[in-house]
Amino acid sequence: GAVVSQHPSRVICKSGTSVKIECRSLDFQATTMFWYRQFPKKSLMLMATSNEGSKATYEQGVEKDKFLINHASLTLSTLTVTSAHPEDSSFYICSARDSGASNSPLHFGNGTRLTVT
Amino acid sequence: KQEVTQIPAALSVPEGENLVLNCSFTDSAIYNLQWFRQDPGKGLTSLLLIQSSQREQTSGRLNASLDKSSGRSTLYIAASQPGDSATYLCAVPSGAGGYNKLIFGAGTRLAVHP
């Protein structure tokens, strides 16, 4: 079945540094990918929609200069948390749908646990 | 604005029980509804996707039903096993955001003990 690979699965960084998270669709193409954030025991909140070859669409309240998204190919989207602060510590999950299949479900990566010290 | 609610928030049962997890949504104009499973510290695994024209979907011991008019879906788990322990999330596409933008419930944390 469709697989979405997310890397790294866990990262610890110091305040002020930047962290890049990759999301790859392994056996399908995705013109659109989605980045979610999840706080402990809370639901997933959509941060932004990543569009291949164009700018990402950010949800209200999400700082686009803080969370840089690049979708350079049909199989790869990256999320860069810039100048990270402890409040950015969270679980980040990407998802994608097979652009070539109608009514296909969204597939999710295994997430990235970011800890900012 | 679409809102998704899941009840109960947590559930602990002995092995072998049949379970019903509930999901409700405020805007009945949905394209579909999807149930996911999330293990601790992991991503989401899609369990069942019900299209708006369907009433239910089945996969193994799982059965999901959809009643659009009442804004409800249930996930039925038959003969529960310890391996079923996880958080179960339901999600519907945001009407304003389109087909792919999902609105999630907060989930039901299920613990099945031997």
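Side chains are part of it too, since the values below use all heavy atoms of this structure and drop only hydrogens, waters and symmetry mates. Sequence lines set the chain letters: A, B, ... in the order given, protein chains first and strands last, and positions in each chain run from 1. Everything numeric here is computed off the predicted structure, so don't read it as measured data.
In this structure, A:Asn110 CG and B:Asp39 CG are separated by 9.5 Å, a value rounded to the nearest 0.5 Å.
Residue A:Glu59 touches chain B through its side chain alone, counting heavy-atom pairs closer than 4.5 Å. Both the backbone and the side chain of B:Leu44 come within less than 4.5 Å of a heavy atom in chain A.
No side-chain heavy atom of A:Met45 sits under 4.5 Å from any side-chain heavy atom of B:Ile103. At least one side-chain heavy atom of B:Gln38 sits less than 4.5 Å from a side-chain heavy atom of A:Phe91.
Around atom NZ of B:Lys68, more than 12 heavy atoms belonging to other residues, nucleotides or ligands sit under 6.0 Å away. Residue-environment remark: CZ (B:Arg55) stays at or below the threshold of 12 foreign heavy atoms within 6.0 Å. Shown here is A:Lys64, whose NZ atom has no more than 12 heavy atoms of other residues, nucleotides or ligands within 6.0 Å.
There is no path of hydrophobic side-chain contacts, each under 4.5 Å, that joins A:Tyr36 to A:Val62. No single ILVMFWY cluster, assembled from side-chain heavy atoms under 4.5 Å apart, contains both A:Leu79 and A:Met33. Connection of A:Val81 to A:Leu46 is not established within any shared hydrophobic cluster, with ILVMFWY side chains joined at heavy-atom distances below 4.5 Å, either directly or through further cluster members.
Minimum heavy-atom separation, A:Ser43 to B:Ala106: CB-CA, 3.6 Å. The two residues A:Leu44 and B:Phe104 make their nearest non-hydrogen contact at CB-CD1, 3.9 Å.
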Query raised in the report: Going through the checks in order, is the side-chain contact (heavy atoms from CB on, under 4.5 Å) test met by A:Leu106 and B:Leu102?
Result: CA-CA 9 Å; A:Leu106 277 171; B:Leu102 295 184; 3.3 Å; yes
